[in-house]
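In listed order, ligands and their atoms are each counted from 1. Hydrogens, waters and symmetry mates play no part in the numbers below; they use all other heavy atoms, side chains included. For the single chain, residues carry numbers from 1 onward in sequence order.
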Amino acid sequence: MRILVTGGSGYIGSHTTLQLIAAGHEVVIADNFSRSKLSVLGRLESLSGASIKHHVIDLTDQEATDRLFAQGAFEAVIHFAGLKAVGESVAMPLEYYSNNLGLTLSVLTAMRTHGVKKLVFSSSATVYGEHAQVPMQEPFPTSANNPYGWTKVMQEQMLRDVGVADPSMRIALLRYFNPVGAHKSGMIGEDPQGVPNNLMPLLAQIAVGRREFLSVYGKDYPTPDGTARRDYLHVEDLAAGHVAALNRLGETQEPVSTWNLGTGTPTSVLEMVSAFAAASGREIPTVDAPRRPGDIADSFADPAKAQAELGWVAARTIDDMCADTWRWQSQNPDGFPEA
Ligand code: UD1
């Protein structure tokens, strides 16, 4: 298939692009490169051996998006583009709503105009909200407690409404748990701009000497070691989930399908610190800190639906995730080069 990958230069988009090419698809990347670097593209080309078309484009611009689709002859869209920092979204709610919702509106409108029916959407486990039971299952109600999370809840709703209006659409809502790790080569990985918000890039930057210590946000959670637990999954498993979902959209009878992408196994902050110290051979100093507002004790998937319907499982271990993150970070201490 000829596939438009929005946000294809980002962390998950870049890993998925490689797997789509390996599966025989042709990929066109559309990205504004606001949170990524153009140098990702050269790495993707050398890893895939393919030349990858890209467009530097603001996808909230409906006219520009329509022009892209007019030339594109896309058969499917994998839609990663969006802003994703929780703290930033609290400080800049209007930017988050206008960007994340605007992108999806204009992509969906262009899809309608140009008769593109298949869409795979990057949703998040954040849509289960603060009070969900674990393991989290797809039929649970959705909610959020910050603007970023609400943009995911709202985009899911927009997509469900589009599926009602046009039952010939085939849309996958993929609810990611906590993606970590990097490509085996160490050539691509997560490269957050500014101070990272998420645990794994912080551990990697501490190990490589860019930061001094980790603040452990809360040791009084009702978990075995008192620190919060998450369902970390390897970005390569997550990328494979997109390829599996895209294949499944060719067979499914419903316009909209929702799948959790996680391992189903929780790992605590302190377990992650030890695993990363072991993988890197570096010390990870920690400092106890209060709970981070909005954090929950436990978040992990029930991945049974994805397993049954996509034939997909996240098989890579926490040690694989740490070893691969470390290879990427130690080979690229400052992330991707500017040019
Ligand atoms: C966070 C977001 C979530 C988003 C996801 C992906 C919040 C509240 N949630 O998920 O909405 O979908 O990222 O971008 O921001 N931790 C520390 N010290 C740190 C950083 C993190 O102890 O310096 C702990 C956190 O308290 C948490 C765990 O590590 O228990 C994982 O944190 P993180 O990687 O930020 O992921 P989430 O909070 O699960």
Query raised in the report: Crowded around Arg112 CZ? As in, over 12 foreign heavy atoms under 6.0 Å?
Result: no

Query raised in the report: Tell me, do Val77 and Met111 make a side-chain contact under 4.5 Å, heavy atoms counted?
Result: yes

**Report entry** Phe74/Phe69 aromatic ring centres below 6.0 Å
**Finding:** yes

Query raised in the report: For ligand 1, does Leu202 get within less than 4.0 Å through its side chain, its backbone, both, or neither, judged by non-hydrogen atoms?
Result: side chain

Query - Aromatic plane relationship, Phe80 with Tyr176 - under 30° parallel, 30 to 60° tilted, over 60° perpendicular - result: tilted

Query - Protein contact of atom 31 (C) of ligand 1 - nearest heavy atom, named by residue and atom, plus distance - result: Tyr232 OH, 3.4 Å

**Report entry** Taking atom 25 (C) of ligand 1 as the reference point, the nearest protein heavy atom with its distance
**Finding:** Asp295 OD2, 3.5 Å

Query raised in the report: Got the closest protein heavy atom to atom 24 (C) of ligand 1, with its distance?
Result: Val269 CG2, 3.6 Å

Report task. Measure from atom 33 (P) of ligand 1 to every heavy atom in Val127, Leu203, Asn198 and give the option owning the shortest one. Result -> Asn198

**Report entry** Asn178 and ligand 1 - part of the residue with a heavy-atom distance under 4.0 Å
**Finding:** side chain

Report summary line: When distances are taken from atom 15 (O) of ligand 1, the protein heavy atom at minimum range is Val86 CG2, 3.3 Å

Report summary line: for atom 16 (N) of ligand 1, nearest protein heavy atom and its distance come out as Tyr217 CD1, 3.7 Å

Requested in this report: Would you indicate whether the side-chain heavy atoms of Arg175 and Val127 approach each other to under 4.5 Å?
Outcome: yes

Query raised in the report: Would you say Glu251 has more than 12 foreign heavy atoms packed within less than 6.0 Å of its CD?
Result: yes

Requested in this report: Using a strict cut-off of 4.0 Å, indicate which atoms of ligand 1 neighbour a heavy atom of Leu214.
Outcome: 18 (N), 19 (C), 23 (O)

Requested in this report: Identify which of Arg292, Lys152, Arg230 has a heavy atom lying nearest to atom 32 (O) of ligand 1.
Outcome: Arg292

Query raised in the report: Nearest protein heavy atom to atom 11 (O) of ligand 1, by residue and atom, and its distance?
Result: Thr126 OG1, 3.2 Å

Requested in this report: For Asn197, take its heavy atoms, then give the atoms of ligand 1 lying under 4.0 Å from any of them.
Outcome: 20 (C), 35 (O)

Query raised in the report: Does His15 use its side chain to pair, donor to acceptor, with the backbone of Glu236 at less than 3.5 Å?
Result: no

Report summary line: Exactly one of Leu119, Leu59, Thr104 clears side chain to side chain contact (heavy atoms under 4.5 Å, CB included) with Thr6, and that residue is Leu59

**Report entry** Leu199-ligand 1 polar pair, N/O distance under 3.5 Å
**Finding:** yes

Report summary line: atom 18 (N) of ligand 1: closest protein heavy atom, distance to 0.1 Å, is Ser215 O, 2.7 Å

Query raised in the report: Looking only at heavy atoms of Gly149, does any of them come nearer than 4.0 Å to an atom of ligand 1?
Result: no

Query raised in the report: How about Asp288 and Tyr217: does a side-chain donor come under 3.5 Å of a side-chain acceptor?
Result: no

Query - Among Ile29, Asp31, Val28, Thr65, side chain to side chain contact (heavy atoms under 4.5 Å, CB included) partner for His55 - result: Val28

Query - Any Tyr148 heavy atom less than 4.0 Å to ligand 1 - result: yes

Query raised in the report: With a 4.0 Å cut-off on heavy atoms, is Ser124 touching ligand 1?
Result: yes

**Report entry** His242 ring center within less than 6.0 Å of Phe121 ring center
**Finding:** no

Query - Cluster check Leu4, Leu105: I/L/V/M/F/W/Y, side chain < 4.5 angstrom - result: yes

Report summary line: The atoms of ligand 1 lying under 4.0 Å from a heavy atom of Val216, numbered in the order shown, are 22 (O)

Query raised in the report: Mind checking whether Phe336 and Trp328 have ring centres under 6.0 Å apart?
Result: yes

Query raised in the report: Would you call Phe213 a ligand 1 contact, heavy-atom distance under 4.0 Å?
Result: no

Query raised in the report: Which ligand 1 atoms are under 4.0 Å away from a heavy-atom of Lys84?
Result: 14 (O)

Query raised in the report: Which heavy atom of the protein is the closest neighbour of atom 30 (O) of ligand 1, given with residue, atom name and distance?
Result: Ala228 CB, 3.2 Å

